[in-house]
Amino acid sequence: MKLAELCDTSPNYIAEIEIGRRFPSLKLIEKIGKELNVEPYRFFIDEHEAYQSEMDEIISLISRLPEQQRLHIINRISAP
């Protein structure tokens with residue numbers, strides 16, 4: 001089934017939400033989240049920013065390891 005049908009709204013309305021012309025109600029955001037199996041708050045998070053923050057933390061942790069361990073991790077990540 002299409003998302004619009006599952007959320008009891010029109011496909012055009014969903015399309016307008018996707019391109020930023022319309023903004024859904026909180027109730028519709030909750031329905032969409034439920035149907036997509038996504039927590040509604042995730043629609044408001046900049047995923048790139050969250051990813052970058054996680055990467056910065058990982059890099060910081062790795063940089064504190066002894067050199068031999070860092071090299072081992074780098075080799076494991078780089079291996080095909």
Side-chain angles (χ1 to χ4, degrees):
M1 293 182 131
K2 294 180 181 178
L3 181 62
E5 292 172 3
L6 294 169
C7 293
D8 195 30
T9 192
S10 74
N12 288 341
Y13 189 65
I14 295 293
E16 288 189 1
I17 292 169
E18 290 175 334
I19 62 173
R21 285 192 186 152
R22 302 285 303 262
F23 299 95
S25 67
L26 181 55
K27 184 176 179 180
L28 183 56
I29 291 170
E30 289 174 338
K31 283 183 180 180
I32 292 170
K34 180 181 176 189
E35 296 303 331
L36 296 176
N37 199 28
V38 173
E39 291 293 328
Y41 77 89
R42 307 273 305 161
F43 296 124
F44 302 98
I45 293 177
D46 180 349
E47 292 294 330
H48 175 72
E49 186 177 305
Y51 174 77
Q52 187 60 51
S53 177
E54 289 175 9
M55 288 301 297
D56 290 345
E57 184 178 346
I58 291 168
I59 291 168
S60 175
L61 291 170
I62 291 172
S63 71
R64 290 186 232 144
L65 294 172
E67 183 177 2
Q68 193 66 22
Q69 288 178 322
R70 284 196 315 264
L71 292 173
H72 178 72
I73 291 171
I74 291 168
N75 287 333
R76 293 290 307 265
I77 293 171
S78 303

Closest non-hydrogen atoms of Pro11 and Ala4, given as atom of the first, atom of the second and distance, are N-CB, 3.5 Å
Just verifying a value: how many Å separate Thr9 OG1 and Ile17 CD1, rounded to the nearest 0.5 Å?
6.5 Å
Nearest heavy-atom neighbours spanning Phe23 and Tyr13
O-OH, 3.4 Å
CG/Leu3 to NZ/Lys31 distance, rounded to the nearest 0.5 angstrom?
11.0 Å
For residues 54-75, dump all side-chain donor-acceptor pairs below 3.5 Å to protein atoms at least two apart in sequence or in another chain.
residue, atom, partner, partner atom, Å
Asp56, OD1, Gln52, NE2, 2.9
Ser60, OG, Arg64, NH2, 2.8
Ser63, OG, Ile59, O, 3.4
Ser63, OG, Ser60, O, 2.7
Arg70, NH1, Leu65, O, 2.6
Asn75, ND2, Leu71, O, 3.2

Is there a side-chain contact between Ile29 and Phe44, using heavy atoms and a 4.5 Å cut-off?
yes
Grab the two heavy atoms, one from Glu35 and one from Cys7, that are nearest each other, plus how far apart they are.
CG-SG, 3.9 Å
Just verifying a value: how many Å separate Ile14 CD1 and Leu28 CG, rounded to the nearest 0.5 Å?
5.5 Å
